[in-house]
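These figures come from a predicted structure and were not determined experimentally.
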Amino acid sequence: MRKLVLLVAWVALVVLLSLGISGSMPRNTGMLTAKPNIVFILADNMRKDDLKYMPKTRTVLKTKGMSFSNAFVSNALCCPSRATILRGQYAHNTGVWSNMAKTSEGGWKAYRNKGNEKDNLATRLDAAGYRTGLFGKYFNGYNQGNTYIPPGWDRWFGAGAFRYFDYDANDQGTIRHFGTSDSDYVTDVLGGKAKTFISTSAAQGKPFFAYVAPIAPHEPATPAPRDRHSYDGLKASRPPSFNEKDVSDKPTWIRSRPRLTPDKSAKIDKRHEGRAETLQSLDDMVAGIVRKLKDRGVMGNTYVFFTSDNGWAEGEHRRPGGKANPYEEDVRMPLLVRGPGVAAGSNTYKLALNTDYLPTFADLACTSSSPCDTQNWRYVPDGRSLLPVLKGNATAWRSAVLLEGHQGSWKHAVPAYAGIRTVGAHERKYLEHETGERELYYLGSDPHELKNRYPATTPSAGLVSRLQALKDCEGEGCQAAEDGQ
């Protein structure tokens, strides 16, 4: 009997070995690395509720991973938000406040001149042994024709000067022009470059970090030819804050706005239609990247993050468009995460902020078995790792985040402000503007921010003191203030 068992086992082993030798195992299987791969996909000007136009993304990420109900950006403007993502710091610590590239506080030059490129997400992951690649938009002011490649990036394909066709790209230091043919559509080109990067990295067996930053659905919101007319006649949503009737309780720059005319409302709807159609190629790109990860055999060891840099107004509080305000449509983001240990179809109400991406990715890259050399890390980030939330074992967590803005001479600027946004039993937003005006909303009963309760109701002393602590916080001090300590 014992000989028979040994014979069966030997035969089974021979069969398995022959299968492996004959190539019957899945083709193009990547070499798994000890460190997980990370793909970070960043939309441009995408609202949280725009996810309803991306069914493929919801299928491959939301149903297979975790969705965040309370994900925010602190400063709802492109360059400040992207600086925060790359540095893990609030704008008052990155020094990047606006998109105005010709000012000392705006755009790529401000980010670079303030030394932010010396230590950031790219340099830290690169030092941790990752193959790093950027595909798409970097910062306003990093214009077409620029051959500069910032430190920390092993693969660079910088493209996205708000053109969907007829644009230049910095392809690893060489300027390449893309024209007006269907194959030149920028979202598709970026997706193709990102997938090639994934394939090459997987074949090398090296952990990789892909930062994929298309301009969709930013204006001019030009859909791919195949997606034109896919949402003909679509109208923007009409929440209670749309074309708000009574704004007497709002700050001056809102009170001064006239009510939207039928013509302006029609323009909002037309733009919304274009945005929804433009998101279709982004939806394809996300699905294509996930499919490539599966084909290369590395999906099981890869985290995929999908979010946006800021939101966009569509008629709320009489604003026909724009961003950079502290209202929910500007600051509340989509955030979907799929990866090892993330429960499929899960949802969390934990507060996430764009300060958290650098700490999260560093947490994934730097483990006890493979620690990182931190001697060149020049600062402690203001955010925190989302890994405990993703793993489902987070206990104590922040209950508030800072909202801040200071756009200077930017043409769409509102007066500088600082505010605190809380979650929990008492969900509130309290804002202090440089004009001396104040806003206080009880979001649990007033999610559309229709009723400013200030000055009839004054914020608690604790809320005010937490805001004061957050306005100038740094590193662990930010985390303590967010926690209410």
Presence of salt bridge, [Y] and [X], under 4.0 angstrom:
X	Y	answer
Glu437	Lys250	no
Arg238	Glu316	no
Asp356	Arg398	yes
Asp483	Arg384	yes
Glu329	Arg319	yes

Any side-chain donor paired with an acceptor under 3.5 Å for [X] and [Y]?
X	Y	value
Asn116	Arg87	yes
Arg378	Thr123	no
Asn347	Ser69	yes
Asn310	Asn45	yes
Ser201	Arg131	yes
Asp382	Thr355	no
Asn170	Thr147	no
Glu105	His406	yes

Does [X] have its ring centroid less than 6.0 Å away from the ring centroid of [Y]?
X	Y	value
Tyr130	Phe208	no
Trp253	His433	yes
Trp156	Phe135	no
Tyr111	Phe139	yes

Shortest non-hydrogen contact from Leu190 toward Ala159: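 Here Leu190 and Ala159 meet closest at CD2-CB, 4.4 Å.
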Nearest heavy atoms of Glu474 and Asn93, plus distance in Å: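 For Glu474 versus Asn93, the nearest heavy atoms are CA-ND2, 3.8 Å.
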Does NZ in Lys391 sit with more than 12 non-hydrogen atoms of other residues, nucleotides or ligands closer than 6.0 Å?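 Yes, the 6.0 Å shell around NZ holds more than 12 heavy atoms from other groups.
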Is the NZ atom of Lys193 crowded by more than 12 outside heavy atoms at less than 6.0 Å?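 Check passes, neighbour count above 12.
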Would you say the side chain of [Y] lies within less than 4.5 Å of the side chain of [X], judging by non-hydrogen atoms?
X	Y	answer
Glu427	Asn70	yes
Thr132	Phe197	no
Phe162	Val186	no
Tyr303	Val39	no
Val401	Tyr90	yes
Pro251	Glu439	yes
Ile85	Leu42	yes

Could you work out, with disulfide (SG to SG under 2.5 Å) as the rule, every residue matching Cys478, not counting sequence neighbours?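 With sequence neighbours excluded, Cys478 shows a disulfide (SG to SG under 2.5 Å) to Cys473, given in chain and number order.
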Is there a side-chain hydrogen bond (donor to acceptor under 3.5 Å, both in side chains) between Tyr441 and Glu328? Walk through the geometry before answering. CA-CA 11 Å; Tyr441 299 100; Glu328 293 291 280; over 6 Å; no
Any donor-acceptor N/O pair, [X] side chain to [Y] backbone, under 3.5 Å:
X	Y	answer
Asp283	Thr57	yes
Glu404	Ala418	no
Lys62	Ser67	no
Arg58	Leu51	yes

Quick one: side chain to side chain donor-acceptor pair (under 3.5 Å) pairs with a partner in residues 444-461, sequence neighbours left out?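 Non-adjacent pairs meeting side chain to side chain donor-acceptor pair (under 3.5 Å): Lys429-Glu449.
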Plane angle bin for [Y] and [X] - parallel if under 30°, tilted between 30 and 60°, otherwise perpendicular:
X	Y	answer
Trp108	Tyr142	perpendicular
Phe40	Tyr211	tilted
Tyr357	Phe305	perpendicular

Could you give all pairs that pass the disulfide bond (SG atoms under 2.5 Å apart) test and reach residues 319-390, with sequence neighbours left out?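 Output for this query lists Cys366-Cys372.
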Would you list the pairs meeting disulfide bond (SG atoms under 2.5 Å apart) in which at least one residue belongs to residues 68-135, sequence neighbours left out?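 The answer is none; no pair qualifies.
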Sequence neighbours excluded, which residues qualify as side chain to side chain contact (heavy atoms under 4.5 Å, CB included) partners of Asp263?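 Thr261, Lys267.
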Check the pair Ser385, Asp363 against side-chain hydrogen bond (donor to acceptor under 3.5 Å, both in side chains), reporting the backbone distance first and the verdict last. CA-CA 7 Å; Ser385 173; Asp363 198 5; 2.7 Å; yes
Quick one: which of Arg271, Lys270, Arg275 gives a salt bridge (Lys or Arg N to Asp or Glu O under 4.0 Å) with Glu314?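 Exactly one pass, corresponding to Arg275.
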Salt bridge (charged side-chain N to carboxylate O under 4.0 Å, His left out) for Arg82 and Asp44? Distances and angles first, verdict last. CA-CA 10 Å; Arg82 290 166 191 259; Asp44 197 336; 3.4 Å; yes
All pairs passing ring-ring contact (aromatic ring centres under 6.0 Å, His included) where residues 322-343 contributes a residue, at least two apart: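 Only His317-Tyr327 qualify under ring-ring contact (aromatic ring centres under 6.0 Å, His included).
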